[in-house]
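Along the sequence shown, residues carry numbers from 1.
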Amino acid sequence: MLKFLFPYDKMTHVMKKRVIALILAGMLLATGCGQSKNTKSSDTAAKKASADASVTTEDYKASDYVTLGKYKGVSVTLTKDYSDDDAAVKDYEETLVDEAGGNYTEDKSQKTVKEDSIVNVDYKGIKDGEAFEGGTATNQTIDVKNNQDATQGTGYIEGFTDGLVGAKVGETVSSKVTFPENYGSAELAGQEVTFEFKVNYICKKISPDDVSDDFLKKNFSVDSKDAFFDYAKKKLQEKNKSDKDSESRTLVEEAIENSSKVNSYPKGLIDRRMANYRAQYKKQYFTEGMTWKDFYKQYNVTEKDFNDQVKKVVRQNIKTELVFSAIAEKENITLDESGFNTYVKNLMSSNRDSTEKDFYLRYGSSESEGKNYIETIYLVNQALSYCVENATINPKS
């Protein structure tokens with residue numbers, strides 16, 4: 001499966017950092033990257049590769065690089081049931097309520113925060129006697145035991161919730177914490193601060209049976225719990241179809257890639273992808289004057305670790321491209337202009353690009369190179385669809 005190299009999280013001042021997140025891209029579209037073997041100056045290497053990319057197009061023949069395995073009549077077995085029986089619908093009702101923000105409500109029977117409590121609080125971060133910017137929030141639902149936001153699952157810096165245990169509803173308590181030395185904000189990195197919490201109430205999990213008709217009407221445009229069940233069933237069926245299609249494509253893709261072999265990679269392709277990724281990443285996510293050296297220091301990651309991870313992903317992405325491009329060649333699957341234009345418009349809408357030029361420049365050092373890449377990915381999708389149509393998809397055993 002092609003992967004995005006997702007940008008480093010833009011963390012708030014109380015959230016933990018992750019080094020690098022790799023997420024699956026459902027549309028099989030990715031911006032790849034890697035690294036030149038010469039690591040003396042990655043910016044210099046990127047500039048050189050970018051210059052090469054500006055006069056080089058991906059005009060190779062994929063079948064020259066790949067030995068295809070079995071790709072017709074592949075048999076795979078799903079890992080999920082995709083059931084829409086009454087029990088599954090009731091479970092999905094709970095998911096819908098959670099997503100609508102109705103997953104926790106006040107538990108008036110509880111008055112003291114315990115180690116495993118979910119609490120609703122207002123908090124304020126104080127440094128040198130003054131509230132610091134970005135350190136104040138209200139109506140926050142916090143999982144005390146796991147030191148994280150209870151609804152989103154995002155974590156806080158170590159010790160953030162320590163002062164809450166034993167607090168009474170209505171009380172104001174505090175926790176002293178020290179930000180990591182490598183924290184993103186220079187003003188807070190390595191600094192000890194105090195967070196003051198006002199405990200608004202202790203929470204309990206809310207079930208779909210507990211929600212009001214007003215809540216259902218506001219969030220789902222239904223006026224009764226029976227109508228909500230019907231609504232949830234329809235939505236679950238839609239989700240099951242989408243998820244089943246997605247898993248089928250992933251399993252077929254993996255089976256074909258595992259039986260195929262990439263004998264070599266087109267000359268310079270990994271370096272060109274690396275140059276484009278670094279250029280685009282820097283353009284979108286670096287603050288003014290920021291360098292790669294600053295970036296590595298800020299996120300406590302070495303240049304080698306960063307490049308090793310992204311190069312691994314880009315090589316896998318290119319393998320996927322080569323294998324399914326070779327299938328497209330063998331099965332005479334060609335680019336249809338109408339379908340491609342629709343594909344581009346959908347992606348442009350997702351990326352919020354105003355012009356095709358802006359969109360293509362996301363994926364190449366020039367408009368033509370970017371378009372060439374998107375055409376390749378479109379054909380990869382078409383070839384994969386062909387393989388899925390000719391596969392046997394078995395239900396979970």
Side-chain angles (χ1 to χ4, degrees), residues 4-23 30-54 125-128 130-137 154-157 177-193 270-311 313-314 351-355 357-367 369-370:
F4 278 118
L5 286 164
F6 200 67
Y8 280 69
D9 290 343
K10 294 182 178 180
M11 297 295 186
T12 66
H13 65 279
V14 293
M15 296 180 184
K16 293 179 180 178
K17 298 185 186 73
R18 289 178 294 174
V19 175
I20 188 167
L22 303 177
I23 61 172
T31 303
C33 71
Q35 184 191 12
S36 169
K37 292 181 180 179
N38 180 2
T39 59
K40 290 182 179 179
S41 172
S42 51
D43 280 327
T44 300
K47 289 176 181 177
K48 182 182 183 302
S50 183
D52 292 341
S54 67
I126 300 173
K127 178 178 176 290
D128 299 329
E130 300 287 339
F132 56 83
E133 184 177 356
T136 299
T154 47
Y156 299 110
I157 60 175
V177 299
T178 301
F179 282 93
E181 292 289 343
N182 60 354
Y183 191 71
S185 169
E187 292 77 13
L188 296 174
Q191 299 296 305
E192 183 180 79
V193 302
I270 290 177
D271 284 345
R272 294 202 302 276
R273 295 289 180 81
M274 175 273 290
N276 181 61
Y277 177 80
R278 291 179 70 90
Q280 293 295 330
Y281 193 102
K282 189 171 184 178
K283 179 180 178 181
Q284 288 188 259
Y285 300 106
F286 278 30
T287 57
E288 185 175 356
M290 187 176 183
T291 67
W292 283 102
K293 185 177 180 180
D294 298 331
F295 171 80
Y296 300 134
K297 182 178 180 181
Q298 178 174 327
Y299 289 99
N300 194 30
V301 60
T302 67
E303 180 180 9
K304 183 180 185 304
D305 286 344
F306 178 84
N307 287 318
D308 284 350
Q309 289 188 64
V310 296
K311 190 169 186 178
V313 174
V314 75
N351 289 330
R352 299 180 181 178
D353 292 306
S354 56
T355 67
K357 180 178 180 180
D358 291 338
F359 171 68
Y360 289 135
L361 285 174
R362 286 180 179 268
Y363 303 104
S365 59
S366 67
E367 183 178 358
E369 186 183 50

Atom pair CZ/NZ of F295 and K282 - distance to nearest 0.5 Å: 11.5 Å
CG on L361 to CD on E369, rounded to 0.5 Å: 10.0 Å
Closest non-hydrogen atom pair between R362 and N276, with its separation: O-ND2, 3.5 Å
Gap between atom OH of Y183 and atom CD of Q298 - 0.5 Å precision: 10.0 Å
Nearest atoms (heavy-atom pairs only) where F179 meets I157: CE2-CD1, 3.6 Å
Check against side-chain contact (heavy atoms from CB on, under 4.5 Å), K311 and I270: CA-CA 8 Å; K311 190 169 186 178; I270 290 177; 4.1 Å; yes
Spacing of CD belonging to Q191 relative to NZ belonging to K127, to within rounding of 0.5 Å: 4.5 Å
Test side-chain hydrogen bond (donor to acceptor under 3.5 Å, both in side chains) applied to E187 - qualifying residues, sequence neighbours left out: S185
Reported CG-to-CZ distance for the pair D358 and R352, which is rounded to 0.5 angstrom: 15.0 Å
Heavy-atom pair of closest approach, residues I126 and F132: N-CE2, 3.6 Å
Closest non-hydrogen atom pair, A189 against E181: CB-O, 3.4 Å
Any donor-acceptor N/O pair, N307 side chain to E303 backbone, under 3.5 Å: yes
Side-chain donor or acceptor of D294 paired with backbone N/O of T291 under 3.5 Å: yes
CD (E130) with more than 12 external heavy atoms under 6.0 Å: no
